[in-house]
Amino acid sequence: MGRQTPLTEALFYILLSVRKPNHGYGIIQDVEELTGGRVVLGPGTLYGAIQTMTARGWIRIYSEETESRKKKEYIITDLGREIFAEEKRRLEELLQNAAKMEEGTW
């Protein structure tokens, strides 16, 4: 699975945001809130990422409104959880190694 990482920041936060069923606008709001407004996903970025992650099996449609504008909710899959966990481990290693260098323990 190592070839799936590193994830872009957008993919990382989208996977984090769909641990519970969530729709596109909800994902945008969650990411903006989690990052204190530092990361703002545009619709093109979001829906392109959703298409990619759906095709890779990282997320799936949880529910879809058939009326009005067909609002879809997405949820992370088991494979998506594995990818996220792998990326989290990679990021933790980066931080640990940076701390070792700064502390002079390496």
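When a residue number appears, it is its place in the shown sequence, counting from 1.
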*Given side chains that start at C-beta, do those of W58 and V18 come closer than 4.5 Å, heavy atoms only?*
no
*Would you mind listing the cluster partners of I75? Hydrophobic ones only (ILVMFWY), side-chain contacts under 4.5 Å, chaining allowed.*
Y62
_Distance-minimising heavy-atom pair for L11 and A49_ = CD2-CB, 3.7 Å
*Determine whether I27 and I50 make a side-chain contact, defined as any pair of heavy atoms from C-beta on separated by less than 4.5 Å.*
yes
*Salt bridge flag under 4.0 Å for residues E87 and R90*: yes
*For the atom pair CG (L7) and CG (L16), what is the distance rounded to the nearest 0.5 Å?*
11.5 Å
*side-chain hydrogen bond (donor to acceptor under 3.5 Å, both in side chains) partners of E32, counting only residues at least two apart*: none
*asked:* Looking at every heavy atom in both T45 and L41, which two are closest together, and how far apart are they?
replied: CG2-CD2, 4.1 Å
_Between OH on residue Y47 and CD1 on residue I28, distance to nearest 0.5 Å_ = 6.0 Å
*asked:* For the CG atom of L15 and the NZ atom of K88, what is their distance to the nearest 0.5 Å?
replied: 13.5 Å
*Under the 6.0 Å and 45° cation-pi test, does R19 pair with F84?*
yes
*asked:* Using the rule given for salt bridge (Lys or Arg N to Asp or Glu O under 4.0 Å), can you reason through R60 versus D78, listing the C-alpha separation, both sets of side-chain angles and the distance that settles it, and then say yes or no?
replied: CA-CA 10 Å; R60 65 174 177 81; D78 289 341; over 6 Å; no
*Inter-residue atom distance L34.CG - Q29.CD, 0.5 Å rounding*: 11.5 Å
*Under 6.0 Å from the CD atom of E92, do we count more than 12 heavy atoms belonging to anything else shown?*
yes
*Applying side-chain contact (heavy atoms from CB on, under 4.5 Å) between I59 and each of T54, L79, N22, report the one that passes.*
T54
*For R38 and E9, run salt bridge (Lys or Arg N to Asp or Glu O under 4.0 Å): C-alpha distance rounded to whole Å, both residues' side-chain angles, the deciding distance at 0.1 Å, then the answer.*
CA-CA 11 Å; R38 186 180 59 77; E9 197 168 19; 2.4 Å; yes
*Supply the atom-to-atom distance D30 CG to Y25 OH, rounded to the nearest 0.5 angstrom.*
11.0 Å
_Heavy-atom donor-acceptor pair, S17 side chain to V31 backbone, under 3.5 Å_ = no
*Are E73 and I61 close enough that some pair of their side-chain heavy atoms sits under 4.5 Å apart?*
no
